2 protein chains.
Amino acid sequence: MSGLSRFLSVLRCFDETKSNWTVQELADRLEVPTSTIYRTVRELSAHGFLEPSTEAHYRLGSAFVEFDRMIRVTDPLVQCGGPLMRDLAAEVGQPCVAVLARLYGDRVICAVDERYNGADLLTSYERGRPMPLVRGATSKAILAQLPARRLRKLLQPAFGSDAKKLASFRTELSNIRKSGYCITEGEVDPELRGVAVPVSSAALGISASLSLIVRANAMTESLERRMILLLVSSASMLAGSLGKAQD
Amino acid sequence: MSGLSRFLSVLRCFDETKSNWTVQELADRLEVPTSTIYRTVRELSAHGFLEPSTEAHYRLGSAFVEFDRMIRVTDPLVQCGGPLMRDLAAEVGQPCVAVLARLYGDRVICAVDERYNGADLLTSYERGRPMPLVRGATSKAILAQLPARRLRKLLQPAFGSDAKKLASFRTELSNIRKSGYCITEGEVDPELRGVAVPVSSAALGISASLSLIVRANAMTESLERRMILLLVSSASMLAGSLGKAQD
DNA sequence: CGTCAATTCCCGTAGTCTGAGATTCTGCGA
DNA sequence: TCGCAGAATCTCAGACTACGGGAATTGACG
């Protein structure tokens, strides 16, 4: 345990399950002496990564909120995509959720989510939530546009040695490349249908996708066509503005 | 340079001004050997705090986005306050911005900002942005509710030895305690008027405030009364649900 | 396949972190 | 205001890690 991982082993303890820890609890959980955790926690607190709450408990601190804002402010994808999303979701004229997601290392993470006024859909997509890499239209539309080498590295751990599944997945991606969009149902959230199109900016090194999610039983053929059209045109606008953007 | 600060000196380089750095640039800026920065950057990347972009440049990584989500998901203030904010902003019936801010260590940081449909106000308030500690209704409403000892420590660095200013500031806070709200104009953003009320939960160790911001020239006496009423009732609802919340 | 920049590796040394226990601080109730 | 219990910090010698300069390797691109 050294360098950053020392600090991360502490930070990773804070999750949905338990967001409030005492030093003693952390020490027990990590099986590290109390005095060591005290030192680590003190340093994390000093830099705003942890904050004291009540009765000797600590929770995640403001530094993360600040850094996230810094990313939102400087990320061309959020800057260019944000305004587009609101219009996009409104244009559908149905309860729906618009999502702009992005490949971040080896995971797909939602960067912007826009709920259409009145949409009470229960999607898993919300900013900052890691998404399954090989399931759902959002992720597939991203993977479909990647260069072969990058793709291979990503799929390796996901499929392991199952050559058959890997081959059929590659076929699926190839179909997305041809048609320009991807539709899936229930792969991430049950009862929901997602339509996604690829978005990318080689100049910025960003691989992303733009998706719309509606209730599966609300989907009609004409709605589907409309959604695809909306997505394709929004995506090309977005790609255009990304091209001009510089960070 | 040791422990966390080694990593932070790198991370702090990434700001609005420049969000995209090469290792060489970082090394020059920090006056540290290149190989050391490479190691630091590698470690930060491995944990998702930095991400390679293009041409040997790096930018802030997805870990911050994920941790921020974790905070949003687990923070009772965001959980209880979020839904309230939308209604609050809508009720005003004027272009306005609703802000829920909070004391985080020694700084006030906005936790939720809700723009009323059609409000194009240029407020500085947005989630994650650090705010001036002693200026603006939002901050003053927070400070007004703090225990004496805590307050003293916070004001020490802000006012230094200027006992006169300190005394008048304390008087101001005392007036807020009596009236239950605070109104300021142009202290943070020119031409804007803010009304704020304190919110707190002793059980959770949270000191916060709820504010509404409108254009100064749109303010009338009756609107002001309405806003104060809305804020006071929202704040008491919020305090109530915070009391029941547990993290 | 060759080129050039980006990145990693190497290794002795310097300096940091570790961990157990003693010590000091702090908040809370009387 | 005082005293108490738990929280937080301090101490110190020894183990281990990071540092830094330069060589070696990788990898992208033509």
Side-chain angles (χ1 to χ4, degrees), chain A residues 1-11 20-47 49-59 61 105 146-154 156 202-205 207, chain B residues 1-11 20-47 49-59 61 103 105-106 145-154 156 200-207:
Chain A
M1 189 64 51
S2 83
L4 252 196
S5 38
R6 181 160 58 98
F7 297 101
L8 266 141
S9 65
V10 169
L11 291 176
N20 221 8
W21 292 76
T22 65
V23 169
Q24 196 54 57
E25 288 167 346
L26 288 167
D28 293 346
R29 159 72 106 84
L30 299 172
E31 296 179 333
V32 166
T34 314
S35 64
T36 300
I37 298 289
Y38 264 113
R39 248 185 317 232
T40 308
V41 166
R42 190 193 329 163
E43 203 160 358
L44 284 168
S45 304
H47 292 283
F49 292 112
L50 288 180
E51 284 285 326
S53 59
T54 342
E55 297 165 24
H57 285 251
Y58 288 86
R59 55 177 158 236
L146 293 181
R149 179 177 287 174
R150 182 95 187 270
L151 186 60
R152 198 171 312 130
K153 274 189 187 158
L154 281 175
Q156 179 74 41
L204 299 174
S207 306
Chain B
M1 190 64 52
S2 84
L4 253 196
S5 39
R6 181 162 58 98
F7 297 100
L8 266 140
S9 66
V10 169
L11 291 176
N20 222 8
W21 291 76
T22 65
V23 169
Q24 196 54 57
E25 287 168 346
L26 289 167
D28 293 348
R29 158 72 106 84
L30 300 172
E31 296 180 332
V32 165
T34 315
S35 64
T36 299
I37 297 290
Y38 264 112
R39 240 176 326 199
T40 308
V41 166
R42 192 196 323 167
E43 203 161 358
L44 286 168
S45 303
H47 293 282
F49 292 113
L50 287 180
E51 284 285 326
S53 60
T54 343
E55 298 167 25
H57 286 251
Y58 288 85
R59 55 175 158 238
L103 188 63
D106 59 352
Q145 65 184 303
L146 293 181
R149 181 178 285 177
R150 181 96 188 269
L151 186 61
R152 199 172 310 127
K153 275 190 187 159
L154 280 174
Q156 178 74 41
S200 77
S201 165
L204 298 173
I206 292 176
S207 307

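Chain A is the first sequence line, chain B the second, and so forth, proteins listed ahead of strands; every chain is numbered from 1. Small disclaimer: the values here were computed from a predicted structure and weren't measured.
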Heavy-atom check, side chain of B/R59 versus side chain of B/L50, under 4.5 Å: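 No; the side chains remain at least 4.5 Å from each other.
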
Heavy-atom check, side chain of B/L103 versus side chain of B/R150, under 4.5 Å: yes

As a check of understanding: the bend across the helix from C/dC1-D/dG30 to C/dA30-D/dT1, end axes from five pairs, rounded to 10 degrees, works out to 70°

Counting only side-chain nitrogens and oxygens, does [X] get under 4.0 Å of the OP1 or OP2 atom of [N]?
{"X": "B/T36", "N": "D/dG20", "result": "yes"}
{"X": "A/R42", "N": "D/dA8", "result": "no"}
{"X": "A/Y38", "N": "D/dA8", "result": "yes"}
{"X": "B/R39", "N": "C/dT8", "result": "no"}
{"X": "A/R6", "N": "C/dT16", "result": "no"}
{"X": "B/Y58", "N": "C/dT7", "result": "yes"}

As an exercise, state the distance from NE2 of B/H57 to CG of B/L26, rounded to the nearest 0.5 Å. 10.0 Å

Supply the atom-to-atom distance A/R42 CZ to A/H47 NE2, rounded to the nearest 0.5 angstrom. 11.5 Å

Closest-nucleotide mapping onto DNA chain D: is A/S35 or A/A56 further toward the 5' terminus? I mean the 5' end.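 Closer to the 5' end of DNA chain D: A/A56.
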
5′-ward residue of the pair B/V32/A/T34 relative to DNA chain D: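 It is A/T34 whose nearest nucleotide is closer to the 5' end.
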
Among B/L44, B/N20, B/V41, find the residue that satisfies the side-chain contact (heavy atoms from CB on, under 4.5 Å) test when tested with B/Y58.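 With B/Y58 as partner, side-chain contact (heavy atoms from CB on, under 4.5 Å) holds for just one option, B/V41.
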
If I compare all heavy atoms of A/F49 with all of A/L11, which pair ends up nearest, and what's the gap? O-CD2, 4.1 Å

